[in-house]
Amino acid sequence: MRSEDGFNRAAALLPQEIRAAAMALPGNVKARAEELRLRAGREVFVCLADGERALGCRKAEVRDLECVLETATRASAHTALSATAAGFVTVRGGCRVGLCGEAVVKGGTVAGIRRLSAVSLRIPREVKGCADAIFDRLTDGGFRDTILVSPPGAGKTTLLRELVRRISENGARVALIDERGEVAGVWEGVPELDVGRRTDVMTGAPKGEAAMMLIRAMTPEILAADEITSPEDVEAMAAAAGCGVRLLATAHAESAGDFASRPIYAGLMALGVFKRVVTIKKRGAVREYEVEEFVP
Amino acid sequence: MTRVIGAVMIVAAFSLSGAVKAGELRARARRLSALVSALELMRCEVVDRLAPVPDIIERLAVSGPEASRCFFRQLSLEIAGLGEREFSEIWSSCVGTLDLRHEEAEAMRGLGRSLGRYGAAEQDGAISRCMALLESFAAQAREEAAAGTKLYGGLGVTVGLLLAIMLI
């Protein structure tokens, strides 16, 4: 996928007038854009690594947010609003549409979202070569169970995708759990983002079930998963660790210390599931990676 | 003899035109009933199965109530333009191809403004409202058809006979 393709796909979801303004952005801005944000009654912004920049078109209206959702879901907003309380829907090519509005609570849990107030279009990006600085270190002497950590929006998914691709191209059989469809952007069975020739992708399923299915069915050497955030995800990783596969996953944390100290990950730390941590640090538009070993 | 043949032809022609008119009324009632049935299927698919609207439309185009298939076939073709045109515009233009009275078409267009755009509960409400309206129009159409069948049938024969008598 070319650097502007992801932007063009995200922009295609916008209402015509706003889309025209987005498409008129200079090529270098499109190539660097990370998100497009529409907030009801306010200007539309394009998010770059160094901040948000107004598109310069009319303000977004609620109708525009609904229109984005309509296009993203192929006129089937109910499939996103009612079926998931996760607050996003992933569309073709791995573009994630984040939703914000009035939460519908049923039985004490969020059952969906109605009356949208903001929408973010996260632009998927392949950054081939972004793992060059750490790849040799991660694979020297054999790949060890690794967790990639950073705050949201720092590039965990991009690094995961590139590591999966490199590992796969190096000859290892990788199984990727792409629960939200963002990593591989599978469309009609074919990944639209390059995740390597020896990578099998399972989309849509919760990590716990997907991990066991992949281990049984596809016999991977390395099992990769994006965003270990819930107790169920943690359980899935712990269970998979005992099955003889190497793990590669991402999690929200500021640093290795932050990851290790979080109660939700205490079980993983106690079991010594992950041997290595890569911390992504975002300095302006530049990402720096720090590799550390977890000391048992 | 020629006069008799002419008289028979006149009676037949007027009877036929009466039957055609009555047939139109029955067809309208059938069309509205088919739309109500199709919308009921759509409602179940949206609410119970959370099925995507394009998939539902495709299914209705193939196996929906026969009198509604043409509408859904057209819709399934035009939905490819989603993104360039809003769904409500696409729906509305397809409603325009249906042979509906103004208030019936408006009920359908009103549904197009909600369909696919909101959560299942809101769509359930919109589909049910449209179905209720169309059902009342269908009931009215059935009554008109029943009355019309007798009226236009009888009128055709009577006018034909009168003309024939006058000519003979």
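Labels below follow one simple rule: chain letters A, B, ... track the order of the sequence lines, proteins then strands, and each chain is numbered from 1.
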Check your understanding: Which heavy atom of B:Glu84 sits nearest a heavy atom of A:Arg19, and at what distance?
Key -> OE2-NH1, 3.2 Å
Practice item. Could you list all the salt bridge (Lys or Arg N to Asp or Glu O under 4.0 Å) pairs where at least one residue sits in residues 44-64 of chain B, not counting sequence neighbours? Key: B:Glu45-B:Arg49, B:Glu45-B:Arg59
Review point. Is it the case that more than 12 heavy atoms not belonging to A:Glu209 sit under 6.0 Å from its CD atom?
Key: no
Point to revise | Flag side-chain contact, heavy atom, 4.5 Å: B:Glu86 against A:Thr71 | key: no
Revision key, fill the gap. Heavy atoms of B:Ala120 and A:His78 approach each other most closely as N-CB, 3.6 Å
Check your understanding: Counting only heavy atoms not in A:Met212, do more than 12 fall under 6.0 Å of its CE?
Key -> yes
Review point. Hey, is the main chain of B:Tyr118 close enough, under 3.5 Å, to the side chain of A:Glu66 for a donor-acceptor pair?
Key: no
Review point. For A:Arg63 and B:Arg117, what are the C-alpha separation, side-chain angles and deciding distance, and is it a side-chain contact (heavy atoms from CB on, under 4.5 Å)?
Key: CA-CA 10 Å; A:Arg63 186 180 164 77; B:Arg117 181 161 275 209; 3.7 Å; yes
Practice item. Over all heavy atoms of both residues, which pair between A:Arg74 and B:Pro54 is shortest? Give the atoms and the distance, please. Key: O-CD, 3.1 Å
Exercise for review: Pick one of side chain, backbone, both or neither for B:Gln123, based on which atoms fall under 4.5 Å of a heavy atom in chain A.
Suggested key: side chain
**Study point:** Pairs involving residues 60-74 of chain B, ordered by first then second residue, that meet side chain to side chain donor-acceptor pair (under 3.5 Å) (sequence neighbours left out)
**Key:** B:Gln74-B:Glu78
Point to revise | Point-to-point distance, once rounded to the nearest 0.5 Å, from CG of B:Leu50 to OG of A:Ser76 | key: 10.0 Å
Practice item. With a 4.5 angstrom heavy-atom cut-off, could you sort out which part of A:Arg115 is near chain B: side chain, backbone, both or neither? Key: neither
Review point. Counting only heavy atoms not in A:Met23, do more than 12 sit closer than 6.0 Å to its CE atom?
Key: yes
